[in-house]
Number of protein chains: 2
Amino acid sequence: MARHSILDRLNDTLRKETLEKARVMQFPPGQILFSAGQHCHGLPLVIGGRVKVQMTGVSGHSIVLYRMEADDICTLSIGCLMTGRAYRAEAVVEEGAEALMIPRGVFDRLMDQSAGFRLGIMESYGRRLDDLMLLVEEVAFRRMDKRLEEWLLSRAARGPVVITHQALAVELGTAREVVSRLLKELERRDMVKLSRGRIEVTGLLR
Amino acid sequence: MARHSILDRLNDTLRKETLEKARVMQFPPGQILFSAGQHCHGLPLVIGGRVKVQMTGVSGHSIVLYRMEADDICTLSIGCLMTGRAYRAEAVVEEGAEALMIPRGVFDRLMDQSAGFRLGIMESYGRRLDDLMLLVEEVAFRRMDKRLEEWLLSRAARGPVVITHQALAVELGTAREVVSRLLKELERRDMVKLSRGRIEVTGLLR
DNA sequence: AAGTCGAATGTGACTTTATCACTGAAGTGG
DNA sequence: CCACTTCAGTGATAAAGTCACATTCGACTT
């Protein structure tokens, strides 16, 4: 069990009850937690690993909306659980994840009886809202070349970035060709070295 | 006081206490409820009217994120209140609005003691998340001409749409020139009639 | 070691959208 | 009626998206 979990905010009784009624599940990388059109079967509280949430437009293009990490509750699932609507997005495990699947009854009870849990949930919601607002601004107003450079820099700290142009296009919500061309241009300017499925950042400065 | 308010979900004691400690405020059209950089001074629960929430990028361009109507709580304010961060967006009254300004203490108490209130809050959050996800998809993948036509159709039911090209550009998150050109093209195709600050939809079909 | 095949990448041609720098037209208040 | 501000129109150019196809890489087979 992870440290600093939102579950630590529960008192012993509630925590015990929760751990009894909720299942801890392991998800290998690549596993789909849920996909668009599906209905919600329980509330995932991410304990470890990383899960990306992405959505696909009618055009068939996808974009990564945000990521969930330790201590994040899946706010999308809350919405779907409450209203009975289907998911609009898809959640894919990136780094082998561990999550606690909380049944609705237990969630309601925790919301009712633990101020700490409530606060955790509200914080999670706040982060999501913030992430999405920032994303709207990015997509609507910022230039793709700058966004690409920024994305690369944010991942380049520990060695070469292992990702295909297609996947990178989904990260940025653009087309693969656009990414390929921008990367080629960066390579011409000696800012990156490209090889199949791999980008080495050599000369990008923040 | 509006019917079907989230306040109806409170029991008499809580409602009475809330109405004592929270102020009902009136806001005329055009009034700024809060703007980017400001800090939160209480939680607006919209009772009537309409408030649009928009954000401005570093480029200086703005985009409308979503609208709040009766029974919506300002989820952005919850986030700012909880974390102490400043607002990232701006809220502008469109139709003269009435809102209940709830102090933090009262909000916490309502969340603690009323399951109905909690549900209302979660629903509000769910709507916001949904709105923003849809918006991301729109902005990232849909064509501007289609989005413009759709926007016009959604407003054209009751007579001509009174809006400037600039304001319409903010609705769609694009530049004024783009809106002007697309509208001119629609006019050439006899789908709209244009005059200063006014667009009459004549031949657009869904 | 050579051949095969699918995934990944490269690229030209063209369209759509964004940006910049203006011009002109329409209302508004003196 | 005139000055002024706000709103709208437009050409030139750059950035980004789309479509269609060519090429290359690497893993796996034989």
Side-chain angles (χ1 to χ4, degrees), chain A residues 30 55-64 135-152 160-189 191-201, chain B residues 30 56-64 135-152 160-201:
Chain A
M55 117 184 270
T56 302
V58 278
S59 58
H61 285 179
S62 303
I63 184 170
V64 172
L135 182 59
V136 168
E137 206 229 284
E138 282 245 335
V139 171
F141 302 133
R142 299 199 47 226
R143 289 189 38 162
M144 200 48 84
D145 51 358
K146 297 300 169 205
R147 290 177 56 207
L148 174 60
E149 288 179 23
E150 222 165 75
W151 194 97
L152 286 174
V161 182
V162 174
I163 192 171
T164 65
H165 298 184
Q166 176 57 56
L168 193 33
V170 171
E171 291 290 329
L172 299 173
T174 182
R176 198 261 316 156
E177 299 92 311
V178 174
V179 170
S180 288
R181 273 191 262 258
L182 289 174
L183 282 174
K184 258 291 166 247
E185 178 57 26
L186 285 180
E187 191 178 42
R188 265 191 287 277
R189 289 197 275 137
M191 331 245 27
V192 301
K193 275 185 202 160
L194 301 178
S195 51
R196 195 186 175 86
R198 190 164 165 288
I199 304 167
E200 194 178 341
V201 177
Chain B
T56 301
V58 279
S59 58
H61 285 181
S62 302
I63 183 169
V64 173
L135 182 59
V136 167
E137 205 230 284
E138 282 246 335
V139 170
F141 302 132
R142 299 200 47 225
R143 290 190 37 160
M144 198 50 82
D145 52 358
K146 297 299 168 205
R147 291 177 55 207
L148 173 60
E149 288 179 25
E150 223 164 75
W151 194 96
L152 287 174
V161 183
V162 174
I163 191 170
T164 66
H165 296 186
Q166 175 58 54
L168 194 34
V170 171
E171 291 290 330
L172 300 172
T174 182
R176 199 260 316 155
E177 298 93 310
V178 174
V179 170
S180 289
R181 274 192 260 257
L182 289 173
L183 282 173
K184 258 291 166 246
E185 177 57 27
L186 286 179
E187 191 177 41
R188 265 190 287 279
R189 290 196 275 137
D190 281 327
M191 330 243 31
V192 301
K193 277 185 200 160
L194 301 177
S195 50
R196 193 189 174 85
R198 192 166 164 286
I199 304 167
E200 195 177 341
V201 177

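Convention: sequence-line order gives letters A, B, ...; per-chain numbering from 1.
Two residues, B/His165 and A/Leu182, neighbour DNA chain D, and the one matched to the more 5' nucleotide by heavy-atom proximity is B/His165. Annotation: of the two residues near DNA chain C, A/Leu194 and A/Arg143, the 5′-most nearest-nucleotide partner is A/Leu194. In this structure, B/Phe141 and B/Arg181 both approach DNA chain D, and ranking their closest nucleotides by distance from the 5' end singles out B/Arg181. Heavy-atom nearest nucleotides on DNA chain C were determined for A/Ala140 and for A/Thr164, and the one closer to the 5' end corresponds to A/Thr164.
Residues A/Val192 and A/Leu183 share a closest heavy-atom pair of CG2-O, 3.9 Å.
Taking 4.0 Å as the cutoff to heavy atoms of chain B, we find the contact window on DNA chain C bounded by C/dT16 to C/dG27. Nucleotides of DNA chain D that come within less than 4.0 Å of any heavy atom of chain A span, from the 5' end to the 3' end, D/dA15 to D/dG26.
With contacts defined as side-chain heavy-atom distances shorter than 4.5 Å, the pair B/Met191/B/Glu149 does not qualify.
The line from CZ of A/Arg143 to CD of A/Glu138 is 14.0 Å long, rounded to the nearest 0.5 Å. Here the CD atom belonging to B/Glu171 is positioned 11.0 Å from the CD atom belonging to B/Gln166, to the nearest 0.5 angstrom. We find the OG1-NE2 distance between B/Thr174 and B/His61 to be 8.0 Å, quoted to the nearest 0.5 Å.
The pair B/Glu187-B/Lys184 counts as a salt bridge, with a side-chain nitrogen and a carboxylate oxygen less than 4.0 angstrom apart. Ion pairing between a basic and an acidic side chain is recognised when a charged N comes within 4.0 Å of a carboxylate O; B/Glu185 and B/Arg188 show such pairing.
Tested against B/Arg147, the residues B/Leu182, B/Leu152, B/Val139 include a single side chain to side chain contact (heavy atoms under 4.5 Å, CB included) partner, B/Val139.
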